[in-house]
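Below is one structure, written out as structure tokens, with a few remarks after it.
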Amino acid sequence: MLRIKTPQKARARRELEKRAPKLIETGKKTLILHGTKTSAVLNAVLSDIYHLKKESAVKFSRKNKDVCPFENGGETSLEFFSHQTDCSLFVYGSHTKKRPNNLVLGRTYDHHIYDLIEVGVENYKRMDSFSFDKKLSPHVGSKPSICFIGEGFENVQELKHLKEVLLDLFRGEVVEKLNLAGLDHVYLCSAISANKVILTQCALRLKKSGTVVPRTELVEVGPSMDLVVRRHRLPNDNLRKEAMRVVRDQPRKDKNIMQDTLRGKVGKINIPDQKVDDTKYFHTKVGDSYVPHKTKGIKRERREAKMKKEEKEGDEHASKRQKEDSE
């Protein structure tokens, strides 16, 4: 029998409460890690992604030999790291001759691999290579706007999958209301073919337009890269259904129960039909169960009633014969 260890210190209990499932989940954390071999371009890509998600990201600097997300058994170490860091998103970079500058984006559910998509990085430009007014640089932790341009995001299965992953990766914490003044950058994703997407970050410059809505200008601040889709793996239907399940935010309402100011809680009870006209059932009083007529007790009662009836008829017949004899 497995022994469940409970935390002894208050700090450990607080950490477990933070990781426990919530009715309204907080923002997702991202795990960034390197493969066995990486290139200079890929190191810069991972560093810029970590800079964009600095408040909600964990980056490993060491190389990881046992991580192979698309192979059987290669996701064990990745799931372990996800559980230890409490990250539900991950970005894994590797570089080989067959797949140069390879980037694997994925999501986890219950710290197990949910889905994967593999892209190749081309035409990469670092954030340092762009010259712009530093006042326009996005603030750390600010809410971005994400724009997807192209029909491929609606028609092509690979690009639809990439769109879902990029949304989860860059949108941050979900909010209901947003102040327009706090919107300072936007991610532009343009589908130029069935397997190629241009991703770039632009800063928003708000100017006067003479109306309530200001005029906006886009200033490219980087990074900028071309993402070429190579492989992808979707979750099965049962796992997707379980992951998309939403918990009820309100308790279920009890039927036929009302609150009265004088009598308090008042309930209504529905009693099923008693089947009085049906000769196949015998019913004694309200609340009793129906008893079929073939039971032994009912047969004995009917037999006794029949015997009494025959005795009564015999007595009446005998008294009538005595009366006729006396006449």
Side-chain angles (χ1 to χ4, degrees), residues 27-30 32 40-57 59 89 91 93 101 103 105 117 119-154 156 158-229:
K28 298 180 180 180
K29 293 173 64 178
T30 305
I32 302 173
V41 174
L42 209 56
N43 291 333
V45 171
L46 296 177
S47 298
D48 284 349
I49 292 176
Y50 176 69
H51 179 76
L52 295 174
K53 296 179 61 64
K54 199 167 187 178
E55 288 190 348
S56 59
K59 184 182 178 184
L89 296 165
V91 179
N101 299 327
L103 208 63
L105 310 175
I117 185 164
V119 294
V121 179
E122 298 178 356
N123 301 327
Y124 177 68
K125 296 180 182 179
R126 297 193 59 170
M127 298 176 66
D128 303 338
S129 61
F130 291 89
S131 59
F132 58 92
D133 189 2
K134 298 303 179 183
K135 294 181 181 179
L136 298 176
S137 58
H139 300 285
V140 177
S142 60
K143 189 73 174 175
S145 174
I146 306 176
C147 181
F148 293 92
I149 305 170
E151 297 180 355
F153 290 112
E154 301 296 332
V156 183
E158 290 83 357
L159 296 187
K160 288 171 66 176
H161 188 196
L162 180 63
K163 176 183 176 181
E164 293 179 4
V165 176
L166 290 178
L167 274 174
D168 270 355
L169 183 64
F170 291 116
R171 70 177 178 179
E173 190 172 352
V174 179
V175 295
E176 295 181 357
K177 297 181 180 180
L178 183 66
N179 188 0
L180 187 60
L183 191 64
D184 56 1
H185 65 292
V186 58
Y187 293 105
L188 294 178
C189 303
S190 304
I192 58 177
S193 66
N195 65 337
K196 194 170 185 179
V197 175
I198 298 176
L199 173 64
T200 184
Q201 182 189 203
C202 297
L204 286 176
R205 179 183 293 171
L206 303 179
K207 291 190 173 183
K208 294 181 180 180
S209 62
T211 60
V212 179
V213 180
R215 183 170 63 88
T216 59
E217 290 184 357
L218 297 180
V219 179
E220 192 172 4
V221 296
S224 176
M225 66 189 86
D226 296 351
L227 302 179
V228 181
V229 180

Salt-bridge contact R215-E217 (side-chain N to carboxylate O under 4.0 Å): yes

For the [atom1] atom of [X] and the [atom2] atom of [Y], what is their distance to the nearest 0.5 Å?
X: M127; Y: D48; atom1: CE; atom2: CG; value: 6.0 Å
X: I198; Y: D226; atom1: CD1; atom2: CG; value: 5.0 Å
X: K143; Y: R171; atom1: NZ; atom2: CZ; value: 7.0 Å
X: H51; Y: K59; atom1: NE2; atom2: NZ; value: 12.0 Å
X: L105; Y: D168; atom1: CG; atom2: CG; value: 11.0 Å
X: L199; Y: L227; atom1: CG; atom2: CG; value: 5.5 Å

Taking all heavy atoms of [X] and all of [Y], pick out the closest pair and write down the distance.
X: F130; Y: G222; result: CE1-CA, 3.4 Å
X: K160; Y: E154; result: CD-O, 3.6 Å
X: V221; Y: A203; result: CG1-CB, 3.7 Å
X: L183; Y: P144; result: CD1-C, 4.0 Å
X: S193; Y: L159; result: O-CD1, 3.6 Å
X: C202; Y: L218; result: CB-CB, 4.2 Å

L103/V91 under side chain to side chain contact (heavy atoms under 4.5 Å, CB included): CA gap, chis, key distance, verdict: CA-CA 7 Å; L103 208 63; V91 179; 3.9 Å; yes

Check against side chain to side chain contact (heavy atoms under 4.5 Å, CB included), V45 and N43: CA-CA 5 Å; V45 171; N43 291 333; over 6 Å; no

Less than 4.5 Å apart, side chain to side chain, heavy atoms only: is that true for [X] and [Y]?
X: K163; Y: C189; answer: no
X: F153; Y: V197; answer: yes
X: Y187; Y: S145; answer: no
X: Q201; Y: L52; answer: yes
X: E158; Y: N195; answer: no
X: H185; Y: S142; answer: yes
X: F148; Y: L162; answer: no

Derivation of the side chain to side chain contact (heavy atoms under 4.5 Å, CB included) call for I49 and T30: CA-CA 10 Å; I49 292 176; T30 305; 5.6 Å; no

Audit row: K29, K53, side chain to side chain contact (heavy atoms under 4.5 Å, CB included) steps and yes/no: CA-CA 9 Å; K29 293 173 64 178; K53 296 179 61 64; over 6 Å; no

K125 NZ: over 12 foreign heavy atoms closer than 6.0 Å: no

Test item: side-chain donor near acceptor, E220 and T200, under 3.5 Å: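 On atom types as modelled, these side chains qualify, holding a pair under 3.5 Å.
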
